[in-house]
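Heads up, the thing below is written out as structure tokens.
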2 protein chains.
Amino acid sequence: MGEDKFDTSPEWVDGETKALEAPGDHRAELRLWLRLLTCSTLVESEIRRRLREEFDSTLPRFDLMAQLERAPDGMVLGEVSKRMMVSPGNITVLVERLTESGHLNRTTLPTDRRVQIIALTPFGRAEFEKMAARHADWISDLFAGLSAKEGGVLMDELAKLKRSVIASLARNA
Amino acid sequence: MGEDKFDTSPEWVDGETKALEAPGDHRAELRLWLRLLTCSTLVESEIRRRLREEFDSTLPRFDLMAQLERAPDGMVLGEVSKRMMVSPGNITVLVERLTESGHLNRTTLPTDRRVQIIALTPFGRAEFEKMAARHADWISDLFAGLSAKEGGVLMDELAKLKRSVIASLARNA
DNA sequence: CAAAACAATTTTAAGCTTGAAATTTCTCGG
DNA sequence: CCGAGAAATTTCAAGCTTAAAATTGTTTTG
């Protein structure tokens with residue numbers, strides 16, 4: 001453990017630690033990635049479970065409605081796809097179902113008939129607001145063991161990670 | 001922004017901040033969750049993409065083989081399912097395909113014929129090792145923007161989050 | 001203006017994932 | 001030993017997800 005790049009707490013483990021690493025030793029990064037993945041998996045499955053139990057809904061549907069909530073005039077399909085970081089074909093299916101169930105309506109832009117615009121119906125908005133309130137409570141409870149300060153540190157470190165990942169993606173593009 | 005529970009860096013934002021929050025204001029937690037989810041989604045989709053491109057494989061298959069790698073005598077299906085945090089039925093499908101392709105072999109425990117034991121074949125192990133080496137490089141590159149210290153901090157904060165989540169799950173069980 | 005290029009979306013084929021129901025096999029109390 | 005119940009796994013139905021190909025519509029250019 002002592003030879004990991006990202007060793008935990010003890011600050012007295014100095015820079016020499018690095019020199020002890022075998023070339024290509026990526027254990028620290030792997031452990032960090034695994035922990036990150038575990039955290040988000042735990043939270044995500046709990047949210048999915050509760051959305052299903054309390055609202056007979058799913059996370060993708062919730063996410064789609066969340067994107068639409070702050071766009072009273074609707075949003076173009078492609079824009080939704082980008083924001084949700086999922087494939088366009090995926091959006092097609094989700095929108096189909098949510099339109100059938102009366103949560104969304106879709107319009108073809110008159111000036112460019114390739115473009116589909118979707119928006120929440122009043123019913124969809126009301127349903128979403130119920131779910132969003134409960135969702136916020138669930139997250140709050142799941143994160144309750146973190147103090148404000150700890151949460152702030154986590155926010156900052158995740159921001160750095162995000163930058164690191166985006167930089168790597170750009171490098172390898 | 002200043003009223004968020006998990007405000008970022010400025011340490012001079014004192015405890016009074018909390019008093020300003022409306023009851024049921026969970027914005028800070030939500031933003032933290034969103035950022036966590038963004039990070040893991042970004043990393044995860046990149047890993048999926050590369051596994052597909054370089055090895056024509058998938059993340060679930062890789063994860064399954066990873067579980068098996070340190071169990072030379074094989075592992076019981078149920079144990080794999082628990083460790084991977086996925087449903088038992090899911091494992092059935094994955095194992096079917098990986099057995100067909102020669103990466104795994106499965107045995108029924110003679111003393112309890114309900115129990116299936118799976119293990120990597122030599123071929124499967126060789127394939128996994130190739131993938132694991134590349135996987136480690138990818139992660140290392142994606143995380144390269146974090147210093148050892150920052151990585152350590154992130155590890156620690158994620159450990160706290162994990163404890164918080166597990167505690168919440170236990171409370172609501 | 002026609003053809004090519006481009007853009008937005010949908011379709012398709014394949015695989016992953018889940019919860020619930022079903023199946024098979026064991027275990028244990030009587 | 002027998003039957004109830006528990007345990008391990010599989011099956012099933014439904015939904016999510018993706019990449020790639022196809023479709024439809026618009027724009028640019030020779």
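We name chains A, B, ... by the order of the sequence lines, and we start the count at 1 in each one. Atoms considered below: every heavy atom in the structure, side chains included; atoms not considered: hydrogens, waters and symmetry mates.
For the pair A/R113 and A/P60, both in contact range of DNA chain D, the more 5′-proximal nearest nucleotide belongs to A/P60. Taking the nucleotide of DNA chain D with the nearest heavy atom to each of A/P110 and A/I91, the more 5' of the two is matched to A/I91.
Across B/T121 and B/G102, no two heavy atoms sit closer than the pair OG1-O, 2.7 Å. Between B/L32 and A/M155 the shortest heavy-atom distance is CA-SD, 3.5 Å. Of all non-hydrogen atoms in A/W33 and B/E44, the two that sit nearest each other are CH2-N, 3.9 Å.
Within the 3.5 Å criterion, the main-chain N or O of A/S147 finds a donor-acceptor partner in the side chain of A/E150. Between the B/S101 side chain and the B/R97 main chain, a donor and an acceptor come within less than 3.5 Å of each other. At distances below 3.5 Å, at least one donor-acceptor pair connects side-chain atoms of A/D25 with backbone N or O atoms of A/R27.
Put simply, CD on B/E100 is 14 Å from C1' on C/dA14, counting in whole angstrom units. Rounded to whole Å, the distance from CZ on A/R114 to P on D/dG25 is 10 Å. Put simply, CG on A/D112 is 12 Å from C1' on C/dC6, counting in whole angstrom units. In this structure, the CZ atom of A/R106 is 12 Å from the C1' atom of C/dA8, given to the nearest Å. Distance CG (A/L94) to P (C/dT10): 12 Å, rounded to an integer number of Å. Between the C1' atom of D/dG15 and the CG atom of A/D56 lies a distance of 12 Å, rounded to the nearest Å. If you measure from atom CD of A/E44 to atom C1' of C/dT17, you get 12 Å, rounded to the nearest angstrom. One atom, CG of A/L51, and another, C1' of D/dC16, lie 14 Å apart when rounded to the nearest Å.
Residue contacts for A/P88: at a heavy-atom cut-off of 4.0 Å it reaches a base atom on one of the strands shown. Among the protein residues, B/N90 comes within range of the nucleic acid bases, having at least one heavy atom under 4.0 Å from a base atom. If you check every strand for non-hydrogen atoms under 4.0 Å, A/R49 touches nothing.
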Between the protein and nucleotides 20-22 of chain C, list every N/O to N/O distance that falls short of 3.5 Å.
none

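Put simply, A/R61 has no side-chain N or O that comes within less than 4.0 Å of OP1 or OP2 on D/dA14. Residue A/R48 has no polar side-chain atom (N or O) positioned under 4.0 Å from OP1 or OP2 of C/dT18.
Between the CG atom in B/L51 and the OG atom in B/S57 there is a gap of 6.0 Å [rounded to 0.5 Å]. Once rounded to the nearest 0.5 Å, the distance linking CZ of A/R49 with CG of A/L59 reads 13.5 Å.
Residues from residues 63-86 of chain A placing a heavy atom under 4.0 Å of any atom in DNA chain C, listed by number, are A/V76, A/L77, A/G78.
Scanning for side chain to side chain donor-acceptor pair (under 3.5 Å) contacts around A/R106 gives A/Q116, with sequence neighbours left out.
Ring orientation note: the planes of B/W138 and B/F55 are tilted relative to one another, at an angle of 30° to 60°.
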